[in-house]
Amino acid sequence: MEVALEDNNLMEKVLPPDEQEIDVELEAKEKKYLRGEGANLESLKDKKLKTQLASREKLYGKSAKAAAKIEKWLLPASAGYLETEGLEKTWRIKQTDIAKEVDLLSSRNQYDIVLPDFGPYKLDFTASGRHMLAGGRKGHLALVDMMNMNLIKEIHVRETVRDVAFLHNDQFFAAAQKKYSYIYARDGTELHCLKERGPVARLRFLKNHFLLASVNKIGQLHYQDVTYGDMVASIRTGKGRTDVMEVNPYNGVVALGHSGGTVTMWKPTSQAPLVQMQCHPGPVSAVAFHPNGHLMATSGKERKVKIWDLRKFEEVQTIHGFHAKTLSFSQKGLLAAGTGSFVQVLGDSSGGGHSRYMSHPMVKGYQVEKVMFRPYEDVLGIGHSMGWSSVLIPGSGEPNFDSWVANPFETSKQRREKEVHLLLDKLPPETIMLDPSKIGAMRPSRRKEKPTRGEIEAEKEVAIEAAKSVEMKKKTKGRNKPSKRTKKKKELVENAKKTFPELEEKNIAGKKRRIGEDAAAELPTSLKRFARKN
Amino acid sequence: MGGLKRKSSSSAKTLAKSKKKKGPHLPNSILKVIANQKRPLNSDEEDDDVIGSDDEHGGDLYEYEEGVPEEESRKNNRYDRHDNYDYELPEDFEDENVESEDDDDGGNNDNDEAEGDDDDDDDDRHTRMLQSLTGMPSAAFEGESKSKPVLFTEAYPEGEFNPTRDVLEGKNVLTEEDFLAPLEGTPGYQKTSKQIARMRKDTKHVVHAPLPKPQRERLERKAVIGLVDEEFSKWVHLVKKNREAPTVYFNQDVDLGYSTVGAIASEFQPRTDFEKKMASVLNDSEVSEAHRDDGARLLELNEVSMEDHIKDRNHIAKMRSLLFRHELKSKRIKKIKSKTYHRLKNKDLKNSSLGALIDPEMAKEEAMRQEAKRVEERMTLKHKNTGKWAKRMISRGLNVKYDGTKAAIAEQLQMNATLSRKMNSMRDGSSSDESDDEEELNDGSDEDTPSRLIAKAKEKTLRALEDDEVPNAGLMSLPFMARAMKKKNEEANEEAKRALEEYEEWENSGGENSKKTVNVSGRRVFGATAKVEAPKESRKDSDNFYDDSDSDNDMAGIEDNNIEPVRDNASPARNTITDTEKFDDDVAGNPASKTTFDVAMFASGSWKKMTGSKNTESKKASKKTRAPTPQAQDKKGSRDEESEDSESEAEEMVDGVLTFASKETFEVPSQAELINRAFAGDDVLDEFEKDKEEVLNQEVPKPEKPVLVPGWGNWTDIQRKRGISKQMVQKHEAEKKEWEQGLKTRKDARLKHVIISEKVDKKAEKLHTTTLPFPYTSKEVFEHSMRMPIGPEFNPSTIVGELNRPEVVKKTGVIIKPVKFEEVNPNDEVDDEHPRNHQKQRPKKKTSRRQGKVKSK
């Protein structure tokens with residue numbers, strides 16, 4: 001009785017609207033941390049397992065709730081955003097307008113670096129967003145500390161640089177140069193020359209697997225393990241030359257865009273592509289992945305940008321009217337696209353697909369080469385033919401960094417510690433697969449190689465029935481005797497049976513094995529210690 | 001006649017028996033009389049008479065009178081006992097009444113019965129006789145005598161086991177009244193009749209016959225099950241709770257009990273007589289008091305009585321004399337010079353285990369023999385009373401009866417026990433140990449001469465190497481043992497050889513200290529590794545080299561690949577293509593778009609084109625034209641690079657392609673070309689479809705169509721007439737169906753623009769389980785339970801501990817006591833919140849109930 005009363009009391013309590021809102025918010029967060037629904041325990045017959053799983057689920061729920069609360073109350077910063085009033089449109093807001101409104105620290109992130117000599121620049125950020133690497137086409141490599149705008153090292157390699165990429169931290173970076181690619185240390189010393197790959201067009205580093213992936217001018221995809229230097233895989237794509245390559249951060253699958261309008265996805269352990277998608281009728285000019293791995297954006301030369309759901313491999317949205325030379329997703333899911341001297345940022349604010357969010361026209365004649373969001377900052381880096389620029393895109397970066405994942409304020413000691421941890425947590429190349437959550441699950445059943453026993457028996461029965469129901473010809477000259485007919489029929493049935501000999505054979509084999517085992521088992525106990533151990 | 005006499009003297013039952021035994025040969029009439037007559041109980045005489053007469057004249061059957069069989073007479077116990085279930089009267093049983101009658105009428109009977117047989121004619125005489133004999137009125141006999149014997153044809157022979165006709169018909173069943181009737185008038189009659197009447201009324205005290213055993217036991221079991229169920233169901237909730245608990249705690253009972261020897265000893269309670277005696281002495285108040293006071297009283301207590309003293313002395317004297325005698329005996333034996341005597345003695349010694357102690361060789365042999373015996377014993381269980389003789393003895397209980405047998409059986413058992421006991425350490429180790437000891441002794445003496453030591457060791461190893469003898473009998477001669485021995489020997493030999501080498505080295509070095517030898521070996525190893533490494537490096541280099549060249553060659557390879565299908569192609573554009581082949585070869589190295597222009601020129605009419613890519617085979621007109629755009633861009637973007645690239649490949653290009661290219665690039669594109677460029681990608685979809693088909697064909701191969709091969713199976717004309725055989729067609733149909741099914745179940749079956757490879761990645765297979773782990777029965781549930789990570793990186797630290805708690809939490813050293821019964825509310829949910837307050841095991845003094853430990857899994 002008491003319990004019921006209490007329940008009633010609870011029911012009667014009406015929460016103030018604020019708290020209700022908070023509850024809804026918390027619930028949504030909780031759901032995120034629950035990572036999907038629990039199994040349907042009703043169908044379980046094993047009571048013990050049922051109760052155990054139920055208690056497990058309870059714990060999961062608790063964990064998710066705690067995590068949601070932590071996220072709600074304890075995370076220090078909140079994401080930025082652009083708010084407009086009335087007829088104002090967010091994409092009409094210029095960088096100059098933003099600069100007035102933001103704090104001093106943020107406003108320092110708006111700048112243009114003009115380096116007209118060494119032509120279009122490629123950019124790369126470290127995972128923490130602290131360091132940036134800029135590679136000029138004509139051989140200029142610069143490593144910049146973005147926090148204090150300090151140029152750490154600047155070298156000139158005096159040959160074409162097609163792409164640059166950081167390795168696991170700011171201590172090493174790779175550059176794809178004219179003939180070979182090279183790995184440099186932070187201070188600019190050349191550590192390795194990667195000759196095996198040939199003239200590389202694009203370089204990407206797979207952080208969790210410590211693989212340096214590259215595609216060369218003749219369309220060969222290489223995976224090299226940077227921890228011990230072995231070439232893990234070298235794959236001929238067979239689709240011709242490409243310079244569109246991106247890594248899916250969720251599962252480590254590498255996507256290549258081809259001239260035929262296809263996007264192919266690869267893993268190092270198979271020579272054939274995991275997925276081939278016909279995304280565009282014309283050549284694919286850029287590919288980008290959402291950090292959660294579910295969305296992929298592609299751009300075709302036929303002036304269309306498409307967004308794909310990678311769980312269903314279906315097109316989610318087509319954005320007409322512009323073609324992007326480079327695409328990039330931010331941590332919060334904004335999509336930046338650069339064409340010519342124009343940069344556009346698309347946002348998914350309402351959940352109904354990406355739409356125009358911001359745009360940034362550059363000086364005419366600047367050719368945008370690469371756009372890339374800086375992690376943990378509301379900053380978009382743009383590499384172009386006249387140097388590189390940095391613009392503010394409110395709401396693009398993750399406001400709270402997790403120092404276990406990436407720490408922009410890392411000390412050298414922490415960095416060293418982290419390096420060891422990363423190496424210990426390194427994943428083997430075979431863990432790259434489309435759905436990494438399937439690791440540890442049941443092996444997907446192969447296509448049926450052997451029919452089951454029941455199926456064979458059913459088939460056999462059908463065959464026998466068919467044999468029995470065969471109409472006999474009416475023969476003459478004494479061959480139509482009933483005895484002969486029955487004999488013939490029997491023969492037919494026997495023949496039908498003969499086509500299914502597997503069953504017996506299998507049994508015999510099983511028996512034989514069993515006999516062999518028994519022989520060892522039947523040995524007198526005293527002699528068992530002399531029995532040969534296999 | 002002794003047996004006969006006994007039988008005739010007994011009651012009706014024995015009578016019937018005798019009848020049967022002797023063969024029934026009573027005249028039917030008489031039989032009927034006997035059967036129908038309601039005879040009074042004490043009318044034995046008549047029966048006896050009748051029978052007697054029969055006996056006298058001997059029926060037409062003669063039977064051999066057997067004596068009591070030997071088994072039954074139990075003259076000896078040679079035969080297996082078998083029970084005689086027939087009722088037998090004891091031998092000395094005598095019925096007084098009958099005996100006297102027999103004695104009385106013995107003589108008469110004989111005479112009378114002699115007459116009785118042939119009196120069919122004169123009934124009068126007969127009746128009279130009966131009258132006189134029985135003292136009954138003649139009317140009683142009239143009926144039978146007159147009515148002629150009626151022939152009864154019974155379905156079965158008459159006998160004691162077959163009910164008579166009357167009984168079957170329900171008439172003439174004997175009742176209590178029948179028995180009582182003759183007693184009427186006798187003094188105790190009233191009383192007995194009353195008693196009987198009371199008994200009849202009284203149903204309470206009727207004792208029924210016991211139920212058959214199985215039924216009885218079933219009932220018993222039923223009752224017991226009920227009780228047991230009740231007892232055990234009390235535990236159900238507790239057990240369930242423990243099973244369902246995610247963690248079971250055993251960290252409460254930290255009290256480990258006694259920690260010192262003294263504490264343990266203080267709990268000691270004497271149990272055996274000896275212990276009790278000791279305890280009584282130890283705890284004697286007198287002694288303890290003496291201790292407390294001073295030593296003086298202890299001395300008093302310590303005094304030995306005279307008797308004890310004398311006893312002691314006598315014992316010692318006896319021992320001494322025995323020793324002396326033994327000495328004398330051994331001296332005498334030592335003096336004996338007879339060789340045979342000594343030989344025999346040695347043999348005895350050998351046989352006894354004493355010998356084994358003396359001679360190691362013998363010990364070894366002895367051990368071997370012992371082992372073989374043991375194995376045999378364990379295999380056969382010969383001495384475990386499984387023999388025929390032993391079985392019989394035990395079954396007869398003779399082993400209890402006779403001491404001899406008892407002893408023999410005990411001996412057998414003893415032998416079995418000793419033989420089948422686990423092998424104890426009767427190993428070669430003992431001998432080697434001895435020698436080792438010797439060595440050690442020697443070592444002490446010549447410590448200063450290491451060379452000698454080495455020499456000695458060498459000698460020893462050599463000897464060990466030489467005397468590898470394989471025993472040719474016993475257990476060791478068994479093939480597998482021999483194999484094992486051989487292996488061992490080989491190993492030992494190798495080791496010995498190694499040792500020898502070492503010794504030699506040492507000798508050669510003239511007893512240099514070991515440091516140097518170590519150095520030498522080190523150097524040697526180094527050299528070896530260096531040797532190995534050198535070729536490795538060179539190989540690696542060469543690999544690199546080849547790889548490099550490979551990548552260079554790759555282009556050429558691709559080109560070759562491309563060209564071949566083109567050759568096969570029977571398209572109308574073939575001529576032009578063949579013309580371009582040569583150029584292709586040359587241009588191959590340079591994947592730049594110049595090629596496309598060249599080809600475009602050649603195929604100007606049809607827009608057929610060749611690019612450097614692999615897809616040449618399926619290329620169509622429009623595709624070619626698409627290529628120039630990226631190239632143009634490339635050029636724009638990296639004119640620098642382009643020029644540098646071309647430097648290296650300049651020579652190749654010079655072949656003439658360049659000249660063509662330069663001409664072509666300046667050509668103004670026609671209208672048709674422009675249109676084609678505008679819709680450049682149109683055929684890309686077709687191409688992709690083709691690709692998909694190819695991939696599908698690879699992964700789910702399409703079944704081949706049955707083909708008619710002339711001359712196979714039949715002569716051609718017949719074959720052609722019949723066409724493809726039905727069987728083949730059917731098979732093909734089935735395969736096709738399967739193929740279609742396979743295509744349908746693919747993930748990309750409905751996605752036209754996607755090819756999802758379903759190739760099995762063998763390397764990734766190890767990341768999946770092949771079978772469901774134990775408690776799970778469905779894949780879905782298992783995978784759902786795996787979805788949440790439980791590590792500290794993914795969960796708040798407050799929950800991580802709970803998520804990763806082991807099933808059993810136990811402190812080391814805690815004794816896990818059996819489950820103690822406690823009341824558990826079945827509706828309580830298992831709470832894991834406060835494990836510290838969760839008292840599952842409480843320290844208890846003693847739990848009489850023994851219950852299995854319940855552990856949640």
Side-chain angles (χ1 to χ4, degrees), chain A residues 35-36 38-39 43-46 48-49 51-53 55-56 59-60 62-63 66-67 70 137-138 160 178 195-196 198 217-218 238-241 259-262 269-270 272-278 280-283 302 313 404 430-431 433 437 439-443 446-447 524-526 530, chain B residues 243-244 246 375 378-379 480-481 544 547-548 551 554-555 591 613-614 630 638 640-641 644 680-682 684-685 687-688 691 742 751 753-757 759-761 763-765 767-770 772 775-777 779-788 793 795-796 798-799 802-803 830 832:
Chain A
R35 296 174 169 85
S43 61
L44 275 181
K45 275 178 192 167
D46 188 347
K48 192 175 154 195
L49 179 64
T51 48
Q52 277 176 3
L53 284 182
S55 64
R56 225 62 281 256
L59 279 181
Y60 291 157
K62 243 178 168 181
S63 167
I70 287 168
R137 180 87 187 180
K138 287 171 188 141
T160 315
K178 190 198 147 204
K195 285 186 179 171
E196 264 180 272
K217 278 168 103 185
I218 47 169
K239 300 265 182 187
R241 177 182 182 152
S259 57
T262 54
T269 51
S270 100
L274 285 174
V275 179
Q276 300 180 55
M277 294 170 78
Q278 184 67 47
H280 295 278
E302 87 284 7
F313 295 104
W404 293 110
E430 53 266 23
T431 53
M433 54 178 80
S437 66
I439 291 174
M442 279 281 282
R443 182 181 294 174
R446 290 196 191 177
R447 210 156 284 289
T525 44
S526 54
F530 299 125
Chain B
R243 280 173 64 107
E244 284 172 359
V375 170
R378 290 180 61 159
M379 280 171 69
F480 55 88
M481 288 299 280
N544 274 344
D547 273 2
D548 285 350
S551 56
D554 271 346
M555 301 178 204
S613 75
K614 255 189 188 175
S638 57
D640 239 15
E641 172 206 358
E644 274 170 357
D682 270 7
V684 166
L685 291 176
E687 215 171 282
F688 186 79
D691 275 357
L751 302 167
H753 60 280
V754 180
I755 308 169
I756 300 172
S757 162
K759 269 186 188 161
V760 180
D761 186 0
K763 277 181 190 161
E765 267 188 346
L767 302 171
H768 302 287
T769 58
T770 41
L772 277 175
Y776 295 99
T777 44
K779 189 180 156 192
E780 193 224 344
V781 171
F782 168 63
E783 272 163 19
H784 269 285
S785 75
M786 294 282 293
R787 78 181 195 281
M788 281 286 279
E793 295 93 345
N795 288 293
T798 47
I799 316 289
E802 240 171 293
L803 273 172
V830 181
D832 208 26

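Side chains are part of it too, since the values below use all heavy atoms of this structure and drop only hydrogens, waters and symmetry mates. Here is the naming used below: chain letters follow the sequence lines, and residue numbers restart at 1 for every chain.
By number of non-hydrogen pairs under 4.5 angstrom with chain B, the leading residue of Met277(A), His280(A), Lys45(A) is Met277(A). No other option in Thr262(A), Leu53(A), Leu44(A), Leu49(A) has as many heavy-atom pairs under 4.5 Å with chain B as Leu49(A). By number of non-hydrogen pairs under 4.5 angstrom with chain B, the leading residue of Ile439(A), Thr269(A), Thr431(A) is Thr269(A). Counting heavy-atom pairs under 4.5 Å between each of Gly36(A), Ser63(A), Ser43(A) and chain B puts Ser63(A) at the top.
Scanning all heavy atoms of the two residues, the minimum distance from Ala764(B) to Met433(A) falls at CB-CE, 4.1 Å. The two residues Met786(B) and Gly440(A) have their closest heavy-atom pair at CE-O, 4.0 Å. Thr798(B) and Ala66(A) make their closest contact through OG1-CB, 4.4 Å (heavy atoms, listed as atom of the first residue, atom of the second, distance). Heavy-atom minimum distance, Gly38(A) versus Arg787(B): CA-NH1, 3.5 Å.
For the pair Pro281(A) and Leu685(B), the minimum side-chain heavy-atom distance is 4.5 Å or more. Between Glu687(B) and Gln278(A), the closest side-chain pair of non-hydrogen atoms is not below 4.5 Å. You'll find the side chain of Arg443(A) stays beyond 4.5 Å of the side chain of Leu767(B), heavy atoms only.
Between the side chain of Arg56(A) and the backbone N or O of Ser785(B) there is no donor-acceptor pair closer than 3.5 Å.
Heavy atoms of Leu751(B) lying under 4.5 Å from chain A belong exclusively to its side chain. Contacts between Ala272(A) and chain B at a heavy-atom distance below 4.5 Å involve the side chain alone, from C-beta outward. Only the side chain of Ser55(A) comes within contact range of chain B, with at least one heavy atom under 4.5 Å from a heavy atom of that chain. Proximity to chain B involves both the backbone and the side chain of Met442(A), based on heavy atoms less than 4.5 angstrom apart.
In terms of the ring pair (Phe, Tyr, Trp, His ring centres under 6.0 Å) criterion, residue partners of Phe782(B) (sequence neighbours excluded) are, by chain and number, Tyr776(B). For His784(B), there are no ring pair (Phe, Tyr, Trp, His ring centres under 6.0 Å) partners two or more places apart in sequence or in a different chain.
A distance of 12.5 Å separates OH in Tyr60(A) from CD1 in Ile799(B), rounded to the nearest 0.5 Å. Taken from NZ in Lys759(B) to OG in Ser270(A), the straight-line distance is 7.0 Å, to the nearest 0.5 Å.
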Practice task
Check the pair Asp46(A) / Thr777(B) against side-chain contact (heavy atoms from CB on, under 4.5 Å), numbers first and verdict last.
Solution key: CA-CA 9 Å; Asp46(A) 188 347; Thr777(B) 44; 5.8 Å; no
Exercise for the section: Step by step, work out the side-chain contact (heavy atoms from CB on, under 4.5 Å) result for Asp691(B) and Lys239(A). Expected result: CA-CA 11 Å; Asp691(B) 275 357; Lys239(A) 300 265 182 187; 3.7 Å; yes
Exercise for the section: Walk me through it: do Val275(A) and Val754(B) pass the test side-chain contact (heavy atoms from CB on, under 4.5 Å)? Expected result: CA-CA 7 Å; Val275(A) 179; Val754(B) 180; 3.8 Å; yes
